[in-house]
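One is the number of the first residue; the rest follow in order along the sequence. Whatever order the structure lists ligands and atoms in, that order sets their numbers, starting from 1. Computed over heavy atoms, backbone and side chain alike; hydrogens, waters and symmetry mates excluded.
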Amino acid sequence: MAGTDPGAPGAIARLEIDLDALASNHALLTARHGAPTAAVVKADGYGLGARQVAARLARAGCRHFFVASAAEAERVLTVAPEAMVAPLNGLAGDAAEDVAALGATPVLNSLSDIAAWAALARRTERKLPALLHVDTGMHRLGLPARELAALAEDPARLDGIDLRFVMTHLAAAEDPADPSVAEQLTRFAQARARLPPAPASIANSAGIFLPEAVSDLARPGAALYGLNPTPDRPNPMQPVLRLMARVLQVREIGPGARVGYNGTWTAARGSRIATIGVGYADGIPRALSNRATAFFDGAPIPLVGRVSMDLMTFDATDHPSLGPGSWLELIGPHVPADAVAAAAGTIGYEILTALGARYSRVYLEQDCPTRDRPGA
Ligand SMILES: *Cc1c(COP(=O)(O)O)cnc(C)c1O
């Protein structure tokens, strides 16, 4: 509760991660998709902790996880050893043997990825599982049209590969008015017709809310963590994280006094300024200077002055009960990460993945909080 001590001893900021809300979000997305739904846990589970996130979702029955790299796959496989854990970035360099040794299922993004994986299958005389990523217009990763044509002409290139899914990625699924979605889906259908039969994987979080992007495996990330997959409509997801910061000091200043670096905020009246020990080194964008709002005891509290490296200042003049030791909600049910992002001119994804390592992280699960060191 805002205003009460959330209990982390000595902590000046506390990041609560509600693993049950996360599991509810996964269930909601699965129901909405009407077909199996993976969890994208790259970038340390969008900043919330890939190990804890994957363990909770595996317990809830999630059997497919996507990460960026082999190193990330290794961490997830320690808590979900039975799951398909797929590095999206493919077989960068000569990673085939490492990826196979881990038991990960790579996303093959090119003919050279395919060749490396097939060669390893030949050498080890076993079938190796993989996903095949087709580029349908994002022009980032995946087989470009020319490589797809070469593969269609010579499907033996896939010998030894157990093709689990053929996938593509939509560039603008959150914008149903964008014609690229229909174009990509058409190109994907054409691509699949030229490839050996395999289940399809299309939708990211926003794609789950497009009936035409339903496939055999959805790949949501953002919505699991409570970001809004339907930006033009109310957020159907539950909030998963709450970032609370303790007030270090409160001071009275007179009219005309200026606050913070370069004095970018000037008190128009006698004011009470509350300082917390969180700043841009903790992932709060400096662009939020004079633009953010925290929450205390049911009320919004404006951030005043510059965001410093380790400190931020708030105008508590209208809230006499706010004092040293009070806790402010910086992100959470009252201050959605999407709103924080909008104020900073960015997206919620960037706010989450920047969440700092100095926070005391607390994982809430069925009324039993477990504390975890950052990065543990
Ligand atoms: C990151 C990513 C996702 C998840 O996207 P969200 O918008 O977070 O749901 C899915 N697929 C691919 C290929 C990705 O890179």
> Quick test: of every protein heavy atom, which one is nearest to atom 8 (O) of ligand 1, and how far off is it to 0.1 Å?
Y46 OH, 2.5 Å
> Any atoms of ligand 1 less than 4.0 Å from a non-hydrogen atom of A222? List them with their elements.
6 (P), 8 (O), 9 (O)
> Measure up the H334 and F295 rings against each other and bin them: parallel (under 30°), tilted (30 to 60°), perpendicular (over 60°).
parallel
> Do the side chains of L15 and L19 join up, straight or via other hydrophobic residues, at under 4.5 Å, putting them in one cluster?
yes
> Just distances here: any N/O of P220 and N/O of ligand 1 closer than 3.5 Å?
no
> Within the distance-only criterion (no hydrogens, no angle test), does the side chain of T313 pair as donor or acceptor with the backbone N or O of V304 below 3.5 angstrom?
yes
> What is the closest protein heavy atom to atom 10 (C) of ligand 1, and at what distance does it sit?
R219 O, 3.3 Å
> I need the nearest protein heavy-atom contact for atom 5 (O) of ligand 1: residue, atom name and distance, please.
N204 CB, 3.5 Å
> To the nearest 0.1 Å, how far is atom 15 (O) of ligand 1 from its closest protein heavy atom, and which atom is that?
K42 NZ, 2.7 Å
> Do N290 and T264 have side-chain atoms, one donor and one acceptor, less than 3.5 Å apart?
yes
> Without swapping roles, check the side chain of N109 against the backbone of L141 for a donor-acceptor pair under 3.5 Å.
no
> Students should be able to answer this: which protein heavy-atom is nearest to atom 7 (O) of ligand 1, and at what distance?
Y349 OH, 2.6 Å
> Yes or no: does A223 have any heavy atom under 4.0 Å from an atom of ligand 1?
no
> If you count every heavy atom of other residues, nucleotides or ligands that lies below 6.0 Å from R291 atom CZ, does the total exceed 12?
no
> Does ligand 1 have any atom that is closer than 4.0 Å to a heavy atom of R140?
yes
> How far is atom 12 (C) of ligand 1 from its nearest protein heavy atom, and which residue and atom name does that atom have?
H169 CE1, 3.3 Å
> Any chance you could measure S201, atom OG, to D216, atom CG, to the nearest 0.5 Å?
8.5 Å
> Does atom CD (E350) have a neighbourhood of more than 12 heavy atoms from anything else shown, all under 6.0 Å?
no
> Which residue and non-hydrogen atom of the protein lie closest to atom 9 (O) of ligand 1, and at what distance in Å?
S205 OG, 2.5 Å
> Of the side chain and backbone of L88, name the one, both, or neither that has a heavy atom under 4.0 Å from an atom of ligand 1.
side chain
